[in-house]
Amino acid sequence: MGRDAIADIITSIRNADMSKNGTVRIASTNITENVVKILLREGFIENVRKHQESNKYFLVSTLRHSHRRTRKGKYRTILKRISRPGLRIYSNYQKIPKILGGMGIVILSTSRGIMTDREARLEKIGGEILCYIW
């Protein structure tokens, strides 16, 4: 049985956020690199660097707000996997959901690569809904 790379990313980020750990180490593949680039561009991740250990590449990411969290202002990044290997969820560009009225993002896998919901609506492309982030 294969591994679900996107679910691994989501679980790693969620666990690091809950444990107040500032860094996450993710196995580097084309899909994970594209998803991490989107998270970096949208401001959910502060820094990303590529690290090599014995012919295997890893992405080491620093989470945003993890070191600035106080008692009063609890900030949690919520990631939710939508399409999974057992049940694929597809949408055309007109029916891509808006998360929190546009405050969150939807990551889609389209014929032109992995992109956010805003980019997909601008290019009028639908695809597989990978995850929601807010």
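All values below were derived from every heavy atom in this structure, side-chain atoms included, with hydrogens, water molecules and symmetry-related copies excluded.
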#### Entry: Joint cluster assignment, I26 & V60, ILVMFWY side-chain distance < 4.5 Å
no

### Query
With sequence neighbours excluded, what pairs up with K95 under the salt bridge (Lys or Arg N to Asp or Glu O under 4.0 Å) test?
none

### Query
Looking at Y93, does the NZ or CZ of R121 lie under 6.0 angstrom from its six-membered ring centre and within 45 degrees of the ring axis?
no

### Task
Kindly give the heavy-atom pair with the smallest separation between L63 and A16, and that separation in Å.
CD1-CB, 3.8 Å

### Query
Are the side chains of I99 and V106 in touch, meaning some heavy atoms are under 4.5 Å apart?
yes

### Query
Hey, does L39 have a side-chain heavy atom less than 4.5 Å from the side chain of I133?
yes

### Side chain to side chain, I114 and I107, heavy atoms closer than 4.5 Å
yes

### Query
If you take all heavy atoms of V48 and S61, which pair is closest and at what distance?
CG2-OG, 3.8 Å

### Task
Quick one: pull up OG in S109 and CE in M115 and give me the separation to the nearest 0.5 Å.
9.0 Å

### Query
With a 4.5 Å limit on heavy-atom distance, are the side chains of L59 and V24 in contact?
no

### Query
Under 4.0 Å between a Lys/Arg side-chain N and an Asp/Glu carboxylate O for E123 and R118?
no

### Rounded distance [0.5 Å steps], CD1 in I13 versus CD1 in I78
13.5 Å

### Query
In terms of side-chain heavy atoms, does E128 have a donor or acceptor partner in S83 at a distance below 3.5 Å?
yes

### Query
So do the side chains of T62 and R49 get within less than 4.5 Å of each other, counting heavy atoms only?
no

### Candidate pair L87 and R84, rule side chain to side chain contact (heavy atoms under 4.5 Å, CB included), full reasoning
CA-CA 5 Å; L87 179 64; R84 53 186 208 266; 4.0 Å; yes

### Message
Closer than 4.0 angstrom, basic N to acidic O: yes or no for R64 and E42?
### Response
no

### Message
Let me confirm one number: the CG-OG distance from N21 to S12, rounded to the nearest 0.5 Å.
### Response
11.0 Å

### Query
Is any side-chain heavy atom of H51 closer than 4.5 Å to a side-chain heavy atom of Y57?
no

### Summary
Output for pair (N92 CG, K124 NZ), nearest 0.5 Å, gives 12.0 Å

### Task
Examine I125 and L130 and state if one hydrophobic cluster contains both, with Ile, Leu, Val, Met, Phe, Trp and Tyr joined whenever side-chain heavy atoms are less than 4.5 Å apart.
no

### Message
Ignoring hydrogens, what is the shortest heavy-atom contact between F44 and W134? Give both atom names and the distance.
### Response
CE2-C, 4.3 Å

### Query
Under 4.5 Å between any side-chain heavy atoms of I105 and I38, yes or no?
yes

### Message
Once rounded to the nearest 0.5 Å, what's the spacing between atom OH of Y90 and atom CD1 of I82?
### Response
14.5 Å

#### Entry: Heavy-atom closest pair, residues P97 and I129
CD-CD1, 3.9 Å

### Task
Begin with the C-alpha distance, continue with both residues' side-chain angles, and end with the deciding distance and a verdict on side chain to side chain contact (heavy atoms under 4.5 Å, CB included) for L79 and T77.
CA-CA 6 Å; L79 300 107; T77 302; 3.9 Å; yes

### Query
What distance separates D8 CG from R81 CZ, expressed to the nearest 0.5 Å?
9.5 Å

### Query
Between I6 and I10, is any pair of side-chain heavy atoms under 4.5 Å apart?
yes

### Task
Taking all non-hydrogen atoms of both residues into account, name the closest pair between T32 and A5 and its distance.
CG2-CB, 4.0 Å

### Query
Going through the checks in order, is the salt bridge (charged side-chain N to carboxylate O under 4.0 Å, His left out) test met by R112 and E119?
CA-CA 11 Å; R112 295 187 190 160; E119 295 167 349; over 6 Å; no

### Message
Tell me whether K80 forms a cation-pi arrangement with Y132, defined as NZ or CZ under 6.0 Å from the six-membered ring centre and within 45 degrees of its axis.
### Response
no

